[in-house]
K.L.:
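I have a structure I would like to understand better, so I am pasting it below and will then ask my questions one at a time.
So that the names make sense, note that chain A is the first sequence line, chain B the second, and so on, each numbered from 1.
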2 protein chains.
Amino acid sequence: MPVSPFPDDAQRQASREAKRKAVLLAAVRMFNARGFHATSLDDVAASLGISKPTIYHYLGTKDQVLLECVTFGLHQLLEAAETARRQPGTGLARLRTFLISYARVNMEDFGRCVIRTGEEMLSPESAERFRDLKREIDAALRALIREAVADGSMVPVDERIAAFTFAGALNWPARWFDPDGPESAQATAEHMVDLLIAGCTPR
Amino acid sequence: MPVSPFPDDAQRQASREAKRKAVLLAAVRMFNARGFHATSLDDVAASLGISKPTIYHYLGTKDQVLLECVTFGLHQLLEAAETARRQPGTGLARLRTFLISYARVNMEDFGRCVIRTGEEMLSPESAERFRDLKREIDAALRALIREAVADGSMVPVDERIAAFTFAGALNWPARWFDPDGPESAQATAEHMVDLLIAGCTPR
DNA sequence: GAGATGATTTACTGGAGAGTATATTGCATT
DNA sequence: AATGCAATATACTCTCCAGTAAATCATCTC
């Protein structure tokens with residue numbers, strides 16, 4: 001099915017979205033590789049063979065670019081939480097499912113960016129939106145823990161401490177995981193999660 | 001015992017050291033509070049009522065200031081490892097002792113800075129020294145895990161994964177722990193560590 | 001074909017802040 | 001007194017880069 005060289009509105013829209021996404025991906029990869037402050041928008045533009053004002057055309061200021069990156073990553077995590085929530089099985093099994101997805105997202109481009117981005121890098125307004133989204137993830141994680149304890153599949157724990165401990169352990173791969181390392185992302189994620197919940201099974 | 005207003009060499013040396021340390025502490029606190037890139041040396045100097053060249057006099061470039069900060073924090077961690085190593089008791093008990101100290105250091109000024117500092121913030125040479133020291137900590141942690149498994153006080157685990165998991169979980173408080181929060185630093189550290197090693201006791 | 005609209009560029013401005021040259025003061029040694 | 005070193009300041013330079021103004025080119029619409 002050949003595409004007409006005269007795009008209609010939908011194609012136009014799709015092309016715009018594709019470009020937007022390409023810029024975002026180039027930016028997030030560079031931010032992860034060299035750090036946000038060590039990356040100029042000129043660098044990002046050059047890596048795509050375009051010029052800086054084009055980035056402004058599609059995404060806006062550097063602050064907005066970063067906010068888009070972390071928002072995307074945080075949406076991936078939120079989605080993982082919702083998917084796990086709908087899963088059948090015990091509360092602990094659902095928690096495990098979520099934690100594995102959580103770890104995996106943090107090994108990918110946008111998740112890594114979420115972890116490596118400190119609030120002080122964003123404008124006060126963007127930092128607030130960033131914080132709000134992170135709070136949602138935290139709430140989802142705590143809810144899954146609470147439900148696992150409630151249905152007896154998990155030993156009683158302090159919800160706050162457990163959430164921070166699990167999240168911290170599974171955030172860290174954003175800093176050290178190497179896809180060319182000894183274990184695959186999936187295997188590494190399962191391995192870590194099983195170590196974390198080993199002490200949480202009753203009896 | 002009144003001190004003569006004419007300092008001898010030792011006093012002179014001590015005063016110099018005290019000033020060096022004061023600058024370092026002011027810097028690390030500001031780096032933690034506002035981020036490294038959002039903190040200028042002029043800011044640090046102003047907070048001490050001095051001027052930027054004085055910082056250069058005592059510590060050198062901004063890169064060197066940051067390297068000193070993280071080196072100090074990493075030495076605290078290394079010391080904690082050595083102390084735990086000399087402790088009596090089972091391998092798991094020694095590991096637990098170390099992990100608690102590790103968590104506590106990461107809640108203090110210099111430890112927090114270690115966690116919040118990415119390699120891309122340092123010059124290539126400083127980043128290499130940073131990496132080397134972090135590798136030493138990792139080696140110490142793995143050794144403690146290995147010994148705990150060897151003497152049977154800890155269930156067999158993948159040393160690499162366990163080290164990353166524990167370290168990640170206990171690094172994270174650098175980002176969220178609040179000394180004015182519901183639990184003291186010590187209690188929080190113990191709480192997290194006990195959750196982490198709950199699954200590691202045999203049987 | 002005459003504008004309106006979108007995509008993209010070149011070329012600039014403005015500000016921040018790292019690092020330095022140079023001056024000043026003062027004690028310390030001879 | 002003369003010289004030298006330690007401590008500190010003022011005032012500058014130089015670079016980098018975010019953000020913008022204005023121009024160009026290409027379509028689509030009427």
K.L.:
Report the residues that fulfil side-chain hydrogen bond (donor to acceptor under 3.5 Å, both in side chains) with B:Glu108, sequence neighbours left out, ordered by chain and then residue number.
P.N.:
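Scan of B:Glu108 (side-chain hydrogen bond (donor to acceptor under 3.5 Å, both in side chains), adjacent residues dropped) gives none.
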
K.L.:
Summarise how protein sits on nucleotides 4-10 of chain C as a single string, 5' to 3': B when a protein heavy atom is under 4.0 Å from the base, S for sugar-phosphate-only contact, - for no contact.
P.N.:
---SBBB

K.L.:
Please name all residues satisfying side-chain hydrogen bond (donor to acceptor under 3.5 Å, both in side chains) with B:Arg160, sequence neighbours left out, ordered by chain then number.
P.N.:
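Here no residue qualifies.
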
K.L.:
If you measure from CZ on A:Arg94 to CZ on A:Arg96, what distance do you get to the nearest 0.5 Å?
P.N.:
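These two atoms lie 14.5 Å from each other.
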
K.L.:
Any residue in residues 59-69 of chain B with a heavy atom nearer than 4.0 angstrom to DNA chain C? Just list them by number, or reply none.
P.N.:
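B:Thr61, B:Lys62, in order of number.
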
K.L.:
Show me the pairs that pass salt bridge (charged side-chain N to carboxylate O under 4.0 Å, His left out) and involve residues 28-46 of chain B, at least two apart or across chains.
P.N.:
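Passing the test, one end in residues 28-46 of chain B: B:Arg29-B:Asp109, B:Arg34-B:Asp43, B:Asp42-B:Lys52.
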
K.L.:
Could you go through residues 70-84 of chain B and list every donor-acceptor pair under 3.5 Å that involves a side-chain atom there, pairing it with any protein atom two or more places apart or in another chain?
P.N.:
{"unit_1": "B:Thr71", "atom_1": "OG1", "unit_2": "B:Leu67", "atom_2": "O", "d": "2.6"}
{"unit_1": "B:Thr83", "atom_1": "OG1", "unit_2": "B:Glu79", "atom_2": "O", "d": "3.0"}

K.L.:
What residues in residues 26-41 of chain B put a non-hydrogen atom under 4.0 Å from any atom of DNA chain D?
P.N.:
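Result for residues 26-41 of chain B: none.
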
K.L.:
Residues two or more places apart in sequence or in another chain: which of them pass side-chain hydrogen bond (donor to acceptor under 3.5 Å, both in side chains) with A:Ser123?
P.N.:
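Partners of A:Ser123 under the side-chain hydrogen bond (donor to acceptor under 3.5 Å, both in side chains) test: A:Asp63, A:Glu125, A:Ser126.
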
K.L.:
Could you tell me how far apart B:Asp42 (CG) and C:dA18 (P) are, to the nearest whole angstrom?
P.N.:
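One finds 7 Å between P of C:dA18 and CG of B:Asp42, rounded.
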
K.L.:
My understanding is that only residues two or more places apart in sequence, or in another chain, count here; which of them pass side chain to side chain contact (heavy atoms under 4.5 Å, CB included) with B:Ala167?
P.N.:
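Once residues adjacent in sequence are excluded, the partners of B:Ala167 under the side chain to side chain contact (heavy atoms under 4.5 Å, CB included) criterion are B:Tyr102, B:Leu141, B:Asn171.
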
K.L.:
With sequence neighbours excluded, tell me which residues meet side chain to side chain contact (heavy atoms under 4.5 Å, CB included) with A:Ala22.
P.N.:
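Expected list: none.
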
K.L.:
Side chain to side chain contact (heavy atoms under 4.5 Å, CB included) with A:Arg112: which residues, sequence neighbours excluded?
P.N.:
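With neighbours one apart ignored, the set is A:Asn32, A:Arg116, A:Ala174.
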
K.L.:
Quick one: side-chain hydrogen bond (donor to acceptor under 3.5 Å, both in side chains) partners of B:Thr201, sequence neighbours excluded?
P.N.:
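side-chain hydrogen bond (donor to acceptor under 3.5 Å, both in side chains) list for B:Thr201, sorted by chain: empty.
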
K.L.:
Starting at CD1 of B:Ile55 and ending at P of C:dG19, how long is that distance when rounded to a whole Å?
P.N.:
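My rounded result for the distance is 11 Å.
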
K.L.:
Grab the OH-P distance between A:Tyr56 and D:dA21 for me, whole Å please.
P.N.:
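Roughly 12 Å, once rounded to whole Å.
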
